[in-house]
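Written out below as structure tokens is the structure these notes cover.
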Amino acid sequence: MRVVWAGRWLRTAYALFRDTPQRSASRGAPRQRRTQKDCRAGWEEEKSTDRVKWRQLEHRGPYFSPAYEPLPDGVRFFYDGKPVKLSVAAEEVATFYAKMLDREYTTKEVFQNNFFSDWQKEMTAEERKVIKHLDKCDFTEMHRYFVDKAAARKALPREEKQKLKEAAEKLRQEFGYCILDGHREKIGNFKTEPPGLFQGRGDHPKMGMVKRRILPEDVVINCSRDSKIPEPPVGHQWKEVRSDNTVMWLASWKENIQSSVKYITLNPSSKLKGEKDWQKYEIARRLKGVVDEIRSQYRADWKSREMKRRQRAVALYLIDKLALRAGNEKEEGEAADTVGCCSLRVEHIRLHPAADGQEHVVEFDFLGKDSIRYCNRVPVEKPVYKNLQLFMENKDLGDDLFDRLTTASLNKHLQDLMDGLTAKVFRTYNASVTLQEQLQVLTCAEDSIAAKILSYNRANRAVAILCNHQRATPKTFEKSMQNLQTKIKVKKEQLAEARVELKRAKADHETRGDGKSRSLLEKKRRVLEKLQDQLARLSAQATDKEENKQVALGTSKLNYLDPRISIAWCKRFRVPVEKIYNKTQREKFTWALNMAGEDFEF
DNA sequence: CAGCGGACTTAGGACTGACCTT
DNA sequence: AAGGTCAGTCCTAAGTCCGCTG
């Protein structure tokens, strides 16, 4: 099987090269990842060509958040009604809290407890003796100070604002770029994360903990040996300088909340990131070629005698059909309680023999990534239903649904089915295929550009819904919807008026029949047409807005939809690509922009 | 050979600033 | 000038998956 797919891969790559002769020479196709088993003799070569990410890397290191500036004397903190002058360290942490005072987040008990306990660690022994309870602390004067400061900044005269802007631009020019293999590339995040209070999403056990300041002494620099090594800020030194060209990051440090590593990395517009993006979609396209076979296999496995195999087959069905995430295990108490497919628990599903006029309905209700709720009722094939029943037998609500399955074992199996296949590839594959199908179904060649864009957004929306990409209803939604409706109403009135005028002009022309009345008639006709056009555009906008209220389109557009599908669609239907992708998005998808002709098929 | 940490992708919300109206 | 609105940008948390290690 491997050999067959390698052949397919080469053909695909070749086809891509032909589309883009100008790029192929410099870029090269993404390389297929090979396992040692496949090609033992070629392994050394693979190591040098596949794992190596760059030959030259030079940059300025991260830009550090400015040192803490103590509050002016007039800004006081009160404990139990009395002003208390805090030590600098304790004051700094207090300002973190004070800045957030108006956020609902800070009222949560976990947040307050975590904050207070971490704050006490920064206090002097004296302060600890006095400051015993958070509810006796009064940060309002501090809070007001920061609010005023923000307002003052906003109210700055134009020239001052211009100066600030120029300073920021200078900083970006200085720190925001690196040289990678001779090319100047944008860096994604060139600043270290400033200290503050940790804000996890959902019910996070660590919310409110103090995220400490990052110093050069925490930072590992990664750059090429012969490059100009970045200078640490005066009086400081780097934790380490290394030259590891098998990784893409420029600098890293360990963060103190989860003790995970944070990185300074390239911007998505960079060549290296672009190549990886391309590679991701090529893997998804290879899945298209084998997905039928994989589907028949997991169907067969629903009847397997081996429980492990059955669970794997049912989980894979859910991942494929519902675009669920893999669902790695998480350490309890370290993060919010969220799940994906493999980590689903009995409490997260309910089985209905019949519901909504359909048979074998499974109701899902769980918190997924970012504690976004996944709530869905879906009819499934009977053997799936029966298997789920079986997996739930004699279990408690808190038990794992798939107790014999891990993401590692699932991915290992997938790897055997297709080189490079993992659970998340199904999401990419199904998202892209859905976009392509929906565009096909929804687009009318005769439509106006506005109507075509509405169709595009609808296709995009179908994917976002599949992937459960939600957003909070924008705070100004009601208001802005109302404004739009008013505009529509006004436009309708104008339209009615224009109709009357056209009629009048028509009658006038019929009686008079001269050139002047004709040109007036034509003019009225044009006005009417223009108004109709504007109304159609507004209505489309309103529909789009309403349907999009709680759906986030950006995530799928940026991460799941092969840009070549959209670009091909734009070319085929004469929609300017700028209507679909803004400047940043076009930069990210540069790799695809010239590659996809109008006949590109995912 | 599981468990863990590192590296990288995916994610939603906050913030910003350009543009428009009042 | 002030205030409102919105797209675009920034931010960093939270996933996935891999490779190393004991």
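Chain naming here is simple, since letters A, B, ... match the order of the sequence lines and numbering starts at 1 in each. As a basis for the values below, the full set of heavy atoms in this structure was taken, side chains included, without hydrogen atoms, waters or symmetry mates.
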Go through [options] for me and flag the one nearest to the [X] side chain.
{"X": "A:Met248", "options": "C:dA14, B:dG6, B:dT9", "result": "B:dT9"}
{"X": "A:Lys53", "options": "B:dA11, C:dC17, B:dC8", "result": "B:dC8"}
{"X": "A:Lys211", "options": "C:dG15, C:dT12, B:dA7", "result": "C:dT12"}
{"X": "A:Gln415", "options": "C:dC18, B:dA7, B:dA11", "result": "C:dC18"}
{"X": "A:Ala326", "options": "B:dG12, B:dA11, C:dC17", "result": "C:dC17"}
{"X": "A:Trp249", "options": "B:dC15, B:dA7, B:dG12", "result": "B:dA7"}

Task: Under-3.5 Å donor-acceptor pair between A:Lys369 side chain and B:dT10 base - done: yes
Open item on the list: Rounded at 0.5 Å granularity, tell me how far CD1 in A:Ile567 sits from CZ in A:Arg586.
Closed with: 10.5 Å
Task: A:Asp562 and A:Ser432: CA distance, side-chain angles, deciding distance, side-chain hydrogen bond (donor to acceptor under 3.5 Å, both in side chains) verdict - done: CA-CA 6 Å; A:Asp562 188 330; A:Ser432 287; 5.6 Å; no
[X] side chain N/O closer than 4.0 Å to the phosphate oxygens (OP1, OP2) of [N]?
{"X": "A:Lys165", "N": "B:dA18", "value": "yes"}
{"X": "A:Arg325", "N": "B:dA11", "value": "yes"}
{"X": "A:Thr265", "N": "B:dA7", "value": "no"}
{"X": "A:Lys424", "N": "C:dG15", "value": "no"}
{"X": "A:Lys254", "N": "B:dG6", "value": "yes"}
{"X": "A:Ser252", "N": "B:dA7", "value": "no"}
{"X": "A:Lys262", "N": "C:dT12", "value": "no"}
{"X": "A:Asn328", "N": "C:dG15", "value": "no"}
{"X": "A:Lys280", "N": "B:dT10", "value": "yes"}

Identify whether any heavy atom of [X] sits under 4.0 Å from a base atom; if not, whether one sits that close to sugar-phosphate; answer base, sugar-phosphate or nothing.
{"X": "A:Tyr263", "result": "base"}
{"X": "A:Leu558", "result": "nothing"}
{"X": "A:Gly368", "result": "sugar-phosphate"}
{"X": "A:Gly340", "result": "nothing"}
{"X": "A:Lys161", "result": "nothing"}
{"X": "A:Thr338", "result": "sugar-phosphate"}
{"X": "A:Ala408", "result": "nothing"}

Task: Flag, side chain of A:Lys53 to backbone of A:Leu272, donor-acceptor distance under 3.5 Å - done: no
Task: Any donor-acceptor pair under 3.5 Å from A:Glu547 side chain to A:Arg458 backbone - done: no
Task: Given DNA chain B, 5'-ward residue of the pair A:Tyr560 and A:Gln199, judged by closest heavy atom - done: A:Tyr560
TODO: Would you mind telling me which residue lines up with the more 5' stretch of DNA chain B, A:Ala472 or A:Val247, judged by nearest nucleotide?
DONE: A:Val247
Quick one: [X] [atom1] to [N] [atom2], roughly how many Å, whole number?
{"X": "A:Asp203", "N": "C:dA14", "atom1": "CG", "atom2": "P", "value": "12 Å"}
{"X": "A:Lys412", "N": "B:dC1", "atom1": "NZ", "atom2": "P", "value": "10 Å"}
{"X": "A:Leu421", "N": "C:dC18", "atom1": "CG", "atom2": "P", "value": "10 Å"}
{"X": "A:Gln258", "N": "B:dC4", "atom1": "CD", "atom2": "P", "value": "16 Å"}
{"X": "A:Lys557", "N": "B:dT9", "atom1": "NZ", "atom2": "P", "value": "21 Å"}
{"X": "A:His204", "N": "B:dG13", "atom1": "NE2", "atom2": "P", "value": "16 Å"}
{"X": "A:Leu553", "N": "B:dG13", "atom1": "CG", "atom2": "P", "value": "14 Å"}
{"X": "A:Asn411", "N": "B:dC8", "atom1": "CG", "atom2": "C1'", "value": "15 Å"}

Open item on the list: Does A:Glu109 have more than 12 heavy atoms from other residues, nucleotides or ligands lying within 6.0 Å of its CD?
Closed with: no
Please enumerate all protein N or O atoms sitting under 3.5 Å from an N or O of nucleotides 6-11 of chain C, with distances to 0.1 Å.
| residue | atom | partner | partner atom | Å |
| --- | --- | --- | --- | --- |
| C:dT9 | OP1 | A:Thr584 | OG1 | 2.9 |
| C:dT9 | OP2 | A:Thr584 | OG1 | 2.3 |
| C:dC10 | OP1 | A:Arg172 | NH2 | 2.9 |

- [ ] Identify whether NZ of Lys or CZ of Arg in A:Lys452 sits under 6.0 Å from the centre of the six-membered ring of A:Tyr456 and within 45° of that ring's axis.
- [x] no
Open item on the list: Regarding A:Ser224 and A:Asn245, do their side chains bring together a donor and an acceptor under 3.5 Å, going by distance alone?
Closed with: no
Open item on the list: For a quick test of reading the model, state the closest non-hydrogen atom pair linking A:Gly61 to A:Ile221 and the distance between them.
Closed with: CA-CD1, 4.1 Å
Open item on the list: For a quick test of reading the model, state the closest non-hydrogen atom pair linking A:Lys239 to A:Val220 and the distance between them.
Closed with: CD-CG2, 4.2 Å
Task: Salt bridge flag under 4.0 Å for residues A:Arg212 and A:Asp218 - done: yes
